[in-house]
Amino acid sequence: MDPLKEYPTFVTHLECAYTGESYEADQVHGLSSAGKPIIVKYDLEAVKAAVSREEVESRRGGFWKYRELLPVRKSENIVRLGEELTPLIRLRKMAEGSGELLVKDEGRLPTGSFKARGLALAVAMAKELGLKRLAMPTNGNAGAAMAAYATRAGLETTIFCPDDTPEVNVSEIELQGATVYRVNGLINDCGKIVGDGKAETGWFDVSTLKEPYRIEGKKTMGLELAEQLGWELPDVIFYPTGGGTGLIGMWKAFAELEALGWIGSKRPKMVAVQSTGCAPIVKAFEEGEEHAPLWENAETVAAGIRVPIAVGDFMILRAVRESGGFAIAVDDGAIMKAQSIVAKGEGVLLCPEGAATYAAYRQSLADGRISASDRVVLYNCATGLKYPMPAVDRSLDRHQSIDYSNL
Ligand SMILES: *Cc1c(COP(=O)(O)O)cnc(C)c1O
């Protein structure tokens, strides 16, 4: 597809995901008047008339190829860092029974995580709407993606992360042109600083689901997956769930694809994976609740899913329940073991959050919640290279004679 060509957008309006209250397109929006996320609505009949599945398949340019289902009006506002479709890697040895186990490896995206999808869209829309300064709380990857895209777009960025955020994330955020602060608290505490500072600084709050466009970017994971699987969705999707944008976004993508007639009514079971050290969604799911209250003393090695409270809680829970899926927690020990098993067994280095989905897959097979004949997709949301890895102390003195029979 020609990146310079103007594409029409099909956005009709926006809507509060909780109350359905309608909001105008082409305006700056944060949360709805009910304090809930606002989502983008499209004229899907018009999209259907404008573009076919086959045409979309023939395009290049990574997730931007789903342009008719994205909100950016002017191509000049699109910021690119080399987005590519991410591969689906088959884990043959790790799969159980006759089923198929696939990893969607999101670590190949710019800045090494799928946060690039959401932030590419949020930044493009911020540019389109004339915003100049953006702020965000992050556990690391979102901040890195925002820094990169915003800097490229010429926007100023201020970022707040918990003080124990992986060093690599803090450094990459700063190096990519943002101003980053370590805060002695968790991501929700950082979020409060962003919210409280809005009036005085004039910055725009790009927190997960507190503006309408990150989810539109994350939605492309669902569009891409459908296309890669020949427009036939898998039986189960395991998604490492923090704020839940990806899970909600994929659910939205599937509904839009069905309205276009590009897929049928079959849906995967959506499985929200969390760590036992921070499992608010799992708790609410098991208790039959619509909302998930703050999880106290959240702690896990999987930093990306250490989200004690999520503004889109009800959207995650709805998608999981409507899909016939479930929410499941795995402990940090199982996460680290899963990372090692998949890396040593298949040569695929998952991030801890991605490894959590493999641990959850094993646990769900064992407790019978999924079947060994299922086609399963695990989301590995960042490159494993961004995280601390076990030390290796094996060495060899080349000045001594080497006993090769012992190597
Ligand atoms: C942000 C993040 C998640 C959680 O994604 P959400 O869509 O916000 O739930 C999972 N894994 C990694 C590596 C992340 O950076």
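Order of listing sets the numbers, starting from 1, for every ligand and every atom in it.
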Looking only at protein heavy atoms, which one is nearest to atom 1 (C) of ligand 1, and what is the separation?
Lys115 NZ, 1.2 Å
Residue part near ligand 1, for Tyr379, under 4.0 Å between non-hydrogen atoms
neither
Quick look: Thr245 vs ligand 1, heavy-atom contacts under 4.0 Å, and the answer is both
Under 4.0 Å from any heavy atom of [X], which atoms of ligand 1 are there?
X	result
Tyr387	13 (C)
Gly246	7 (O)
Cys381	11 (N), 12 (C), 13 (C)
Ala382	13 (C)

Looking at residues at least two apart in the chain, or sitting in another chain, which of them share a salt bridge (charged side-chain N to carboxylate O under 4.0 Å, His left out) with Glu258?
Arg267
For Pro162, run the side-chain contact (heavy atoms from CB on, under 4.5 Å) check against Asn139, Val170, Asn184, Asn188 and tell me which one passes.
Asn139
Is the ring pair Tyr18/His291 parallel, tilted or perpendicular, if the boundaries are 30 and 60 degrees?
tilted
Students often mix this up, so state it plainly: with edges at 30° and 60°, are the rings of Phe254 and Trp251 parallel, tilted or perpendicular?
perpendicular
Quick check: [X] and ligand 1, any N/O pair under 3.5 Å apart?
X	value
Asn141	yes
Tyr239	yes
Gly243	yes
Cys351	no

Are Thr111 and Asn141 close enough that a side-chain donor and a side-chain acceptor fall under 3.5 Å?
no
Report the C-alpha separation of Thr241 and Gln274 in whole Å, then their side-chain angles, then the decisive distance to 0.1 Å, and conclude whether the side chain to side chain donor-acceptor pair (under 3.5 Å) test is met.
CA-CA 6 Å; Thr241 306; Gln274 298 199 302; 5.7 Å; no
Give a yes/no on ligand 1: does [X] have at least one heavy atom closer than 4.0 angstrom to it?
X	answer
Thr241	yes
Pro240	yes
Gly244	yes
Lys218	yes

Partner residues of Glu286 under the side chain to side chain donor-acceptor pair (under 3.5 Å) criterion, sequence neighbours left out:
none
Salt bridge check, Lys36 against Glu290: does any charged N sit closer than 4.0 Å to a carboxylate O?
no
Taking Asp26 first and then Arg73, would you say they form a salt bridge - that is, a charged N and a carboxylate O separated by under 4.0 Å?
yes
Has Lys218 got its NZ or CZ under 6.0 Å from the middle of the six-membered ring of Phe114, at an angle within 45 degrees of the ring axis?
yes
